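For reference, the structure discussed in these notes is given below.
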Amino acid sequence: MSNLAKLTSIDRRWIFLLIGLGTLIPVLLPIGFPVRVTAPVKQIYDKIETLGPNDVVVLSYDYGPTTGAENDPMTDAILRHCFSHDVKVIALALYPLGGLTSLTASIDRITAEFPDLEYGVDYVNLGYKDGGQATMKLLAEDFSGAFPNDTHGTPLSNLPLMQQVKGARNAQFAISVATGIFGEWWANLINAQYGLPIAVGCTAVSAPKYYAYLEAGQMLGLIGGLKGASEYEQLVKDNYPNTREAYANPMLQTASKGMDVQTIDHLIIIAFIVIGNLAYFADRRAKRA
Amino acid sequence: MTGMELFGTWIAALLTLCLMSFLYKDNPLFRFAEALFAGVSLGYYIGITMDQTLRPNLFEPLRDSGLTLETGHLLFAGLVGLNLYTRYVPKIAWFARSSLAIYVGYYVGINMVQKLQGEVLPQAAATMVDLTGGGSPTDALNALVVFIGVLTVLIYFFFSVEHKGVFGKASRVGIWFLMLGFGAAFGYTVMGRISLLIGRINFLVIQWIGGTLQALGIGG
Amino acid sequence: MFLKVRLPILLTFFAGLIPIVAFFFKDGTPYVKTLSSSLEQDMVIVSGFALLLGVVNVVQGNVRKIERREKGWFYAIVLLAGMAFMGLFGAAGAMRLFGLPGIGMMADGRPTPFQWGSLYLFTPLQATMFALLAFYIASAAFRAFRIRNVEATILLVAAVFVMLGRIPIGEPLFGPITEWMMQVPNGAAQRGIIIGAALGAASLSLRVILGIERSYLGLDKSE
């Protein structure tokens, strides 16, 4: 057995250690790699830029803490963009395993940065609802069919923003930040049946599938994983100086900072793949000889 | 950070470390955190379903408006929902079938429309495009690649005919397209899993250690 | 026989037919619209009850484990205790008992016990469980990713291109080709899978609505 082949049988905990260090060191000593913006992310940003002060974006939190590390920076950046651009937001959650927790935490975090915002006028938090497609059909026609109250128990009829748009179909744009299948439902149910322009911010795992919807025009844009989130952050930071202070906070977890780790860890894994294959070929050659 | 928040952050950090200890080897601390994970998640379902769905959509309308023509169907829904639980009473377990039938029936119906109108039609329409329709030669070439890809992948999934001859070759091309898709999915999965790890390491470094130091008045 | 077998099949048929008919009469007919939106409101509630069905299963299984002192019974207690903490405080919040205003924050800005559990138990446990997979995927890539044949080579090359094309230092070189790969050949493969799976799902839906497929009711074809 060659030395390379021996290397492939090392205790996997050494691999774990390398990945652990590859993650920890860039977190402690950030490098600050630049981020390049891709078209699917820019298309979402551009769509929100076309909206005016009376326009409404529906933001659906279709994920929970499981994938919060990927999805939270997306919803945070979208909220910062909407609030900086004076666009109103109706936020809701459809994902049962933590959607409400992610939604409430994100709304609280970002609205604290915009003290002039008025609840019920500039944004609304509808909370979580069971029901999946049934809820989506209802809220497309009339929010109050699915959400009689907001998350604080206030009837929707008492919230000025909810008088402006009856259902999601009357909003200008909807974004689902999703893990799993919920983003697909916004495309193949809400966009397909009501024509509402939608976009999805998805986990990296599900990004490849969403490209089919994007290319078919069923979605207006796509934020794929932490890389996509870092691109959106970059666009918001570049164009809205008021958000730079928040992004400069060392206590804030951002996608842009995460890209340092992503770079190091990807390179480690690619090196593993190369070593594994070199060992495989060395072993095969030795066997043939 | 308040004392309560700091206490919570410490609990969260210790639970994170308990789960991470599995990387070294299976141990009682991991088992403890794993069992707590399952229990807390189920308890979470109970809380959000009762507070966010059953209370505002069932109990409050019935309590506030009473049994009217408009709210009557909600009482029916509540009974259908409760009836699902008769499956745990052996003698009347078959009662639950009717509730299950309505529940499954509705979602199967909506799913059928969703799949045909929301997926098959738009996806097929986006595949069958005019190559001379005004786009650049690159667009036309890309559209052709997509058409070949979709067709050959569908041929690969067509199991009623033996994959031999031209059909077999087309199916092989379909496999190549699929492999490329799966490879891309693997690359993205690596990216996704690393992102989740970043989240936990960030939590331990920034919120737990950083937060504790800040609370103790050490560092910024 | 009618109540046990025919009625459920008829109910499936009608419940399945309503969203299909409603799709074809979206804006025109108030009766269809009312019927369909009432059923949708009902399904939101029934989904809530259905989501909690699993809780009963887990409680039954774990109580049995404790009663029989089966291996790992201590962890069954931990599971039930975790569930009881979140579930009871969640239910109490939902019913506004013990002065709880709900399951979020109290009026003075402190979290309710359910909210505290959501933030400091539920969130870290959920997030860490999946974060662990990062280590295993790295190990799997090292041990299993081999250039054995054409298919495996395409798989590996695509994966490496994506890993390089989606990080800042690889992006200038691999970014454009990764983006093309995702949009064109990957898009085609995903589209093929979506169309194939959607046709399969639609035909299964039809079988269920027409009563041909009955296994979900615990019935076989002869019943």
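All values below come from the heavy atoms of this structure, side chains included, with hydrogens, waters and symmetry mates left out. Below, chains carry the letters A, B, ... as their sequence lines are ordered, and counting in each starts from 1. A quick note: this is a predicted structure, and the numbers were derived from the prediction, not measured.
The shortest side-chain heavy-atom distance between C/S205 and B/Y107 does not fall under the 4.5 Å cut-off. In this structure, C/N57 and B/Y88 have side chains that are in contact, with non-hydrogen atoms separated by less than 4.5 Å. Inter-residue side-chain proximity for C/L132 and B/M20 is flagged as met; some heavy-atom pair is nearer than 4.5 Å. With a 4.5 Å cut-off on side-chain heavy atoms, B/F203 and C/T128 do not count as touching.
Here the CD-CD1 distance, from B/Q123 to C/I194, works out to 4.5 Å after rounding to the nearest 0.5 Å. With rounding to the nearest 0.5 angstrom, the CZ atom of C/F130 is 9.0 Å from the CG atom of B/L196.
Contact annotation for B/T127: both backbone and side-chain heavy atoms come within less than 4.5 Å of a heavy atom of chain C. When heavy atoms are compared at a cutoff of 4.5 Å, C/M182 approaches chain B solely by way of its side chain, counted from C-beta outward. Within the 4.5 angstrom heavy-atom criterion, no atom of C/I18 approaches chain B. Interface residue C/V162: only side-chain heavy atoms are found under 4.5 Å from chain B. With a threshold of 4.5 angstrom between heavy atoms, B/L19 approaches chain C through its backbone and through its side chain. Within the 4.5 angstrom heavy-atom criterion, atoms from both the backbone and the side chain of C/L133 approach chain B.
Taking each heavy atom of B/A101 and C/L11 in turn, the nearest pair found is CB-CB, 4.1 Å.
The stretch residues 168-197 of chain B participates, sequence neighbours left out, in these ring-ring contact (aromatic ring centres under 6.0 Å, His included) pairs: B/F186-C/F145. Applying the side-chain hydrogen bond (donor to acceptor under 3.5 Å, both in side chains) test to every pair with at least one member in residues 34-48 of chain B, sequence neighbours left out, gives these pairs: A/T101-B/Y44, B/S41-C/Q126.
Residues of residues 71-80 of chain B lying under 4.5 angstrom from chain C, judged on non-hydrogen atoms, are B/H73, B/L74, B/F76, B/A77, B/G78, B/V80 by number.
For B/Y85 (side chain) and C/F49 (main-chain N/O), a donor-acceptor pair under 3.5 Å exists by modelled atom type. Between the side chain of B/R55 and the backbone N or O of C/A94 there is at least one donor-acceptor pair closer than 3.5 Å. In this structure, B/R97 contributes its side chain and C/K4 its backbone to a donor-acceptor pair below 3.5 Å.
For C/Y136, the ring pair (Phe, Tyr, Trp, His ring centres under 6.0 Å) partners are A/F16, not counting sequence neighbours.
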